[in-house]
Protein chains: 4
Amino acid sequence: MGQAASTPRARRRAKTTARIVETGLRLVTEGGFEALTMQRLAGELDYAAGALYRYFPSKDALLLAVQLRVSELLATDLAERAAAVDALDLSADRRALVQLLVAARVYATLPERRPAHAALLARWLGSPDLLVDTEEARPRVPRLLALFSAVPSAFAAASAAGALAEGDPMRRAIALWAALQGAAQLRKLDRFEVDAVRAGPLVDELLRALLIGWGAAPEAYEDALSRARAIVPDGEREER
Amino acid sequence: MGQAASTPRARRRAKTTARIVETGLRLVTEGGFEALTMQRLAGELDYAAGALYRYFPSKDALLLAVQLRVSELLATDLAERAAAVDALDLSADRRALVQLLVAARVYATLPERRPAHAALLARWLGSPDLLVDTEEARPRVPRLLALFSAVPSAFAAASAAGALAEGDPMRRAIALWAALQGAAQLRKLDRFEVDAVRAGPLVDELLRALLIGWGAAPEAYEDALSRARAIVPDGEREER
Amino acid sequence: MGQAASTPRARRRAKTTARIVETGLRLVTEGGFEALTMQRLAGELDYAAGALYRYFPSKDALLLAVQLRVSELLATDLAERAAAVDALDLSADRRALVQLLVAARVYATLPERRPAHAALLARWLGSPDLLVDTEEARPRVPRLLALFSAVPSAFAAASAAGALAEGDPMRRAIALWAALQGAAQLRKLDRFEVDAVRAGPLVDELLRALLIGWGAAPEAYEDALSRARAIVPDGEREER
Amino acid sequence: MGQAASTPRARRRAKTTARIVETGLRLVTEGGFEALTMQRLAGELDYAAGALYRYFPSKDALLLAVQLRVSELLATDLAERAAAVDALDLSADRRALVQLLVAARVYATLPERRPAHAALLARWLGSPDLLVDTEEARPRVPRLLALFSAVPSAFAAASAAGALAEGDPMRRAIALWAALQGAAQLRKLDRFEVDAVRAGPLVDELLRALLIGWGAAPEAYEDALSRARAIVPDGEREER
DNA sequence: CATGAATGAGACTTCATTCAT
DNA sequence: TATGAATGAAGTCTCATTCAT
């Protein structure tokens, strides 16, 4: 992406860079956050430790790349499922609602589908200091937001079609995201086996209250939910 | 709480223990989670590193104590403001709504009022591996949940008084907490100055949608909000 | 022993001292040599760490006491079994041979009977630096040797009765001890399961060759061995 | 041995590895076993502490290497002197006896010739806990035993030539080793100046009794001893 | 482009010992 | 006599990073 990698040199370099990021992601996946050390990563790639510094100026830079990669994967998820919704034969207002629920469920089930990625995103959001220098990160933020622009669009569409009351679509998108993010984080309390904290019902509770609070008709919501469930089921696990 | 520290020895010990926890909290506050190392902590206290191990058997144990301390402080906040609501002259249904909004705002404004504590809680929740050994932590979880039992109680009261539709109070409390927690974490995106992410409006958006989604009448909500705002205003800052 | 503990104060002190030594011995027994730390020892005794220094000026001094205690226990063993031999009805030459074999077997089976004590003795002998300042230790050496004087005496008796050829009894006693000590140490190679290293047959081999080398008649040796085996059997384990 | 270190990199690495082992050996030599700490070792080599971990994954691994080094040196000794015996013009039975005595004296005089190595071996055998994890060490044990296979061979030859009675050669070799090991350890009691403990006469006593006990004719033994003394004299000292 | 040796700081923890109370 | 707080040094090991080759 960005400048087209024309020369063979540049192509090779891009390939290696990608392999590093992928492997780093795998390390985090398999062993948690602190399993990602430069030496282990190098070892895994059959490189010497120093070699990594040809591709990333620091560990932080590498981390940022890993996080971006995860975001991209999530965005791809979103796009795929949105396409599946488009393929359905639905009225405009219903379609908008389904789109919203599908997007929400894609995000909400991430911890089940790819736990390591979810953990990484959570940690990213939860730990300001893991964000690289603002200067470096800022140019990427709009690009990132663009990846997720489908959600505010869906909110706008839903209002236009009368499925929801009027309201700032961007703010609603962010609010939805925030709520789901919070729910996802509680997932780790699962191991304490306190019943009311289970993630599944929690997400259902949140989605229902929010959408109805934003003006969805209860029956419309139920119908949309069952359709969304068909596209993003509950118990899926991909684990990479 | 618990055993009254009778002997002077025990009193002194309790004092030192508290001082250690407080200082540890400060370190996390000032330098992020990984700024809390045993040696730095000891240095800060003018102790030898080993001395800390007379008070806590391991770093994990100390961390747990710090986390509990923050939770207790927050619980105290909640109790104080709840008492302020009790002092108001309100109908049962309105009172229940105000209680809910007050609790929500106490939590939601924590990042403004005591940024360090909020950061710590966020990080705690955001980083599974920072949770101490399940074995050690489990006995404390019910105790912690008890501290926050006021919120589910308020939900139950609200339903009973007809201010909200029926629904599992505990699950609603958790859902509310999750949403606010998610909103709080987005706060750190503030520095990227993307408008829709601002915390204040975001929280308002979430609270409104949720409570109305759970059956609150819009005018009742507005009234309750303005009363809650009086008790937990927006721009407060206590720092540390 | 030594000065009679007349005053009640002194009696109490002696008792505590003994308790400390006993507990130290138990710690080594249970957890190996490095399990004996001053704080753990104090903890075990419900004392504060500093208290031990009222009874022993240093850890080394304590260690010495523990080692002496083990030696005394071993000497007691030897005396008991020797008495059992005396109770038998035997010719003078046979009795002398049996005495020797019994003494040898008492020592050789120590690792089976009380592994920790054997380990301690081995370590003591194997690690010069664990011996406290020569100055402190020297006065005790003759006392220790006296405890084991039965063995050279038995050698002298055996020569006098014609059961063995003439030879310096003391030197033979020491040689016997050395050989058995060496055999005992190989015991730890047992876990490598190399067959020829097994302790039982090894000791038999050594005893047989030595005594016959010193002039014992083979039949006399076999007879004496079976009698000694009756008094100090093979597989015993006391483990304290 | 093993892979020829072809590349310059590998050669350099092998050299450094050897230097580390040698220096570690020296530290043990000079200050006892616990003088060998990673930091001191690194300091001695003008390295940072962490650098050692490029060559040995843990302190235990390093210790194992040091122990193996000492064993190898001893095996070399044995082979050299055995070759000297082979060069003599002797009858088969006498040669076998001389071989045995030479091997025994090589081991028995180690404390005089290279005190540090003897101390290390003694301590190694004397302290079970210093033996590295069984898992790691086991593969090396047969290799080590092979180095010393000359001794059981000599026992077999002696029996075959009629110089000794029949008997399991391996067990005799181990028994001999054990006895000498025990004698060597008593050497440290020398400083207490108790006469019967002197190492020289003690070893003579043991060797004579064992070999005659195993069937050697006294005159043959005396003759073999004087020849062995010529090849491994008493008072030699190489130090380090 | 890649190696691999090396740094230097810092991580947590344990221990023998001292000393005011 | 005993406590318990505290020291200070030392222990092993890990990690991000640099640099000559």
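Each chain gets a letter, A, B and so on, in the order the sequences are listed, and its residues count up from 1.
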Expressed in angstrom and rounded to an integer, what is the separation of L52(B) atom CG from dG8(F) atom P?
-> 14 Å
Would you kindly give the CG-to-P distance between D46(A) and dT3(E), to the nearest whole Å?
-> 8 Å
Quick one: is dG4(E) close enough that its OP1 or OP2 comes under 4.0 Å of any side-chain N or O from R13(D)?
-> no
Please list every stem that involves DNA chain E, where a stem is a run of 3 or more consecutive Watson-Crick or G-U wobble pairs with both pairing distances under 3.5 Å.
-> E:2-21 with F:2-21
Nucleotide dA5(E), atom C1' - distance to CZ of R11(D) in whole Å = 17 Å
dist R69(B):CZ -> I20(B):CD1 (nearest 0.5 Å) comes out at 14.0 Å
Answer yes when R26(D) and E22(D) have at least one side-chain N-carboxylate O distance shorter than 4.0 Å, and no when they do not.
-> no
Residue pair H117(A), V28(A): steps toward the side-chain contact (heavy atoms from CB on, under 4.5 Å) verdict = CA-CA 8 Å; H117(A) 295 197; V28(A) 177; over 6 Å; no
From Y47(A) OH over to T16(A) OG1, what is the distance, rounded to the nearest 0.5 angstrom?
-> 4.5 Å
Give Y55(B) one of three labels, base, sugar-phosphate or nothing, depending on what nucleic acid heavy atoms sit under 4.0 Å from its own.
-> sugar-phosphate
Under 6.0 Å from the six-membered ring centre of Y55(B) and within 45° of its axis: does the NZ or CZ of R19(B) meet both?
-> no
Figure out the CG/P separation between L27(B) and dC12(E), and round it to whole Å.
-> 11 Å
To the nearest angstrom, the CG-P distance between L63(C) and dC15(E) comes to 14 Å
Do L45(C) and L52(C) touch side chain to side chain, with heavy atoms closer than 4.5 Å?
-> yes
Look at Y47(A) and dG4(E) and indicate whether a side-chain polar atom (N or O) is within less than 4.0 Å of OP1 or OP2.
-> no
Check step by step if side-chain contact (heavy atoms from CB on, under 4.5 Å) holds for L68(B) and V21(B).
-> CA-CA 10 Å; L68(B) 285 173; V21(B) 170; over 6 Å; no
Measure the shortest side-chain to side-chain distance between R13(D) and T17(D) over non-hydrogen atoms and say whether it is less than 4.5 angstrom.
-> yes
Could you encode protein contacts along nucleotides 11-21 of chain F as a string, one character per nucleotide from 5' to 3', using B for base contact, S for sugar-phosphate-only contact and - for no contact, with a heavy-atom cut-off of under 4.0 Å?
-> BBBBBBBB---
Presence of R12(C) side-chain N/O under 4.0 Å of dA2(F) phosphate oxygens OP1/OP2 = yes
Atom CG of L45(D) to atom P of dA6(E): distance rounded to whole Å?
-> 10 Å
In whole angstroms, the gap separating C1' of dT14(E) from CG of L41(C) amounts to 16 Å
Taking it one step at a time, do L62(B) and L41(B) satisfy side-chain contact (heavy atoms from CB on, under 4.5 Å)?
-> CA-CA 11 Å; L62(B) 192 151; L41(B) 178 51; 3.6 Å; yes
